[in-house]
Each structure stands twice: as structure tokens, then as C-alpha cells.
There are 2 protein chains.
Amino acid sequence: MKPQSINVEKVLRDKGFKLTKQRVEIFKEILGKRGHFEVEDIVHRIRRKGLKASRATVYRTLNILKEVGLLNEVVKFGNKTYYEIGTKEHHDHLICLNCGKFIEFHDNRIEEVQDQICGQFNFKPLYHRLEIYGICEDCNKNIKTDR
Amino acid sequence: MKPQSINVEKVLRDKGFKLTKQRVEIFKEILGKRGHFEVEDIVHRIRRKGLKASRATVYRTLNILKEVGLLNEVVKFGNKTYYEIGTKEHHDHLICLNCGKFIEFHDNRIEEVQDQICGQFNFKPLYHRLEIYGICEDCNKNIKTDR
DNA sequence: AGAAGTATGATAAAGTTTCTCATTGCAAAT
DNA sequence: ATTTGCAATGAGAAACTTTATCATACTTCT
């Protein structure tokens with residue numbers, strides 16, 4: 001199956017949202033991106049292409065996409081919010097404190113621990129977020145050989 | 001051992017920071033709190049007591065405490081940063097999306113998974129953050145019986 | 001008590017995100 | 001194809017969090 005073939009137009013229509021030029025442009029930008037991004041990324045990309053969508057519209061659109069599940073808010077880091085496409089399976093992140101790289105991973109044991117802990121507290125889990133901060137392989141090499 | 005007996009004054013002196021009225025007041029507020037708090041909590045508490053420490057000083061002091069390890073930044077949630085005293089052992093959090101309550105827990109399996117995953121990616125972990133979002137026991141009861 | 005240098009307060013400023021409201025544009029009905 | 005109703009947009013204001021600036025005040029060391 002092609003991940004690019006998500007029919008954003010259909011999803012939005014079904015939820016009663018209108019399909020505007022701006023939204024289409026923003027979708028394209030987001031779907032064209034593989035990794036993680038922040039709002040200003042999108043604003044600048046749109047601008048650079050000579051398209052027009054105000055900052056407010058970008059924010060509004062991202063919130064809608066989040067609402068319909070096409071976008072996930074991933075990490076709040078250094079006062080910024082990072083997003084990723086929300087249609088892949090759940091995963092967690094390694095985040096390099098040196099270069100800011102995000103590495104994705106998945107491990108079922110996390111879910112197991114989650115279910116067990118939540119059972120203990122009668123807590124109904126909806127989602128989780130695990131971020132492991134540290135130094136990635138590349139940076140580790142460079143730091144070691146930098147002097 | 002008494003957790004209250006952390007000698008903030010000594011820690012600061014040793015690191016070359018001066019001991020001012022404002023810092024002492026802010027320490028007291030923080031050490032007096034058991035749970036998690038945000039910056040405005042502290043600002044308002046200080047004000048309500050008729051003490052004086054500007055918002056800037058509160059921010060500066062929290063950053064110093066973070067630097068010397070007496071304070072941990074815990075969660076960024078809804079554009080706010082939450083803190084907790086940094087002298088307890090590591091733990092993670094269940095966060096209730098309804099009432100905002102934080103519940104602490106610890107499970108060694110998280111560390112095991114972390115080490116193994118990081119090994120796979122040659123990633124050097126420094127710390128992690130696991131937040132499980134959902135509905136706490138109390139809220140769950142209330143929501144169910146609310147109508 | 002005095003000197004040296006850090007900390008503070010008030011305010012400005014930077015940065016992110018939301019709100020306002022007049023105008024525009026989409027889409028459904030005519 | 002036009003009209004019409006309502007949702008969406010843009011531009012700027014505004015809210016909010018956090019940091020920077022800089023003259024003045026306070027700590028600490030001698």
C-alpha cells in the first residue's frame with residue numbers, strides 16, 4: 001500500500017470541513033515531508049513556493065489535521081511543538097540533544113508495562129509518549145574526534 | 001532520611017551562587033510543595049504571601065535549581081512547563097487529561113527497554129521521559145455517573 | 001566598613017499560539 | 001450559471017511563556 005495515497009480531501013469532507021486552496025497546499029507540504037517538523041517549517045515552505053497561507057491558517061489547519069488524526073503532535077521540546085504524520089503505526093522517539101535528530105522505534109514491552117501500571121492505578125490509558133534523550137551515533141563520533 | 005533536609009544553601013554556595021532573600025523564598029515555596037507545579041504557581045504564591053520576587057527572578061531561580069539538579073523539568077503540556085523537585089529517584093508519570101493530576105510510577109523494565117533500543121542504534125541515552133495520558137480513577141467514576 | 005561583582009526589578013523583547021472581525025471563497029440549492 | 005449561507009482566510013492584535021537589558025541594590029569577601 002502506498003502511504004502517499006491518503007485521501008485527505010475525503011477525510012476532511014466527511015468531517016464537514018471545506019476544501020480550500022490553503023488547506024490543500026498545507027497538506028501537500030506535510031505529506032511531502034517524511035520526518036518531523038515544526039509550524040515555522042511549513043510557514044516558510046509555503047512562502048518560499050510563493051503560495052499564500054497566513055500563519056494563522058497554518059496553525060488552524062494543523063489543528064484540524066490533528067483533530068481528524070492525520071497529524072500527531074509528537075514532542076514539545078525547547079518551547080516548540082514538533083509534529084509528524086499521524087497515519088503510521090505508533091512508535092516512540094530517540095532524540096539527539098546535539099543535532100536534534102529524531103529516531104523512531106517501537107517496542108511492545110512498553111505497551112505491556114503501560115497496561116500493567118495503569119491497571120494498578122485504575123487509570124484508563126489513551127496514549128503515551130516516550131522520549132529518550134541522548135547523543136546519536138553520528139554526533140558521538142564527531143564529539144569524540146572533534147579536537 | 002528527611003527529604004526536607006536538603007541543604008539548598010550549601011548546594012548553591014558550593015556552586016558559587018549568592019544566597020539572596022528572593023532565592024530563599026522561592027526555595028521555600030518549592031520545597032513546601034509535594035507535587036508538580038508550573039512557574040505561575042510560584043509567582044502567585046510569592047505574591048500572595050506579600051513577599052517580593054519578580055517574575056524574571058522566579059524564572060532565573062528555577063533555571064539555577066534545574067542546573068544544580070534540585071529541580072526537574074517534567075512535562076511540557078499545553079504550552080506550559082511543569083516542574084518537580086529533582087531530588088527523588090527517577091520515575092515516570094500518568095497524566096489525567098480530565099483533571100490534570102500527575103501520578104508517579106517507576107518500572108525497571110523501561111530502563112531495560114531503553115538500554116536495549118539504544119544499543120541497537122548506538123545511541124547514548126542520557127535521560128528519558130515517559131508520559132501516559134488518559135483518565136484517572138476518580139475522573140473515570142465521575143464521568144460515568146455524571147448524567 | 002569598603003570593594004568587587006553578582007542579583008534584582010521593571011520593562012522591553014522574542015517567540016509561539018490564539019483570537020477578532022471584515023472580507024473572501026466554497027459548496028449546495030435555485 | 002447565479003445566488004446564497006456559512007465557513008475559512010488574512011492581517012493584525014492579543015495572550016502567554018520565557019529571556020534579555022541595564023541601572024540600581026544586595027552579598028560576600030577582605
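Just so we're on the same page: letters track the sequence lines, and every chain starts at 1.
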Discussion item. If you go through the side-chain atoms of B:Arg60, does one of them form a donor-acceptor pair with the base of C:dG9 closer than 3.5 Å?
Written reply: yes
Which nucleotide in the set [options] lies at the smallest distance from any side-chain heavy atom of [X]?
X       : options                : value
B:Tyr59 : C:dT16, D:dT17, C:dT8  : D:dT17
A:Arg13 : C:dT18, C:dG9, C:dA27  : C:dA27
A:Lys18 : D:dT28, C:dT16, D:dA7  : D:dA7
A:Asn79 : D:dT28, C:dC26, D:dT18 : D:dT18
A:Gln22 : D:dT9, C:dG9, C:dT17   : D:dT9

Worksheet item: Which is it for B:Phe77 and B:Ile95 under the side-chain contact (heavy atoms from CB on, under 4.5 Å) test, yes or no, and what are the steps along the way?
Response: CA-CA 10 Å; B:Phe77 185 45; B:Ile95 300 174; 4.3 Å; yes
Practice prompt. Starting from P on D:dA8, measure out to CG on A:Leu12 and report it in whole angstrom.
Written response: 10 Å
Fill in: B:Tyr83 OH to D:dT18 C1', straight-line distance once rounded to whole Å
9 Å
Worksheet item: Under 4.0 angstrom, heavy atoms only, what part of the nucleic acid is A:Arg23 near: base, sugar-phosphate, or nothing?
Response: sugar-phosphate
Worksheet item: What does B:Ser54 touch in the nucleic acid at a heavy-atom separation under 4.0 angstrom: a base, only the sugar-phosphate, or nothing?
Response: base
Fill in: OP1 or OP2 of D:dT27 under 4.0 Å from side-chain N/O of B:Lys21
yes
Discussion item. Between B:Thr57 and B:Ala53 (side chain of the first, backbone of the second, donor and acceptor by atom type, cut-off under 3.5 Å), is there such a pair?
Written reply: no
Worksheet item: Is there a side-chain contact between B:Lys33 and B:Arg45 (heavy atoms, below 4.5 Å)?
Response: yes
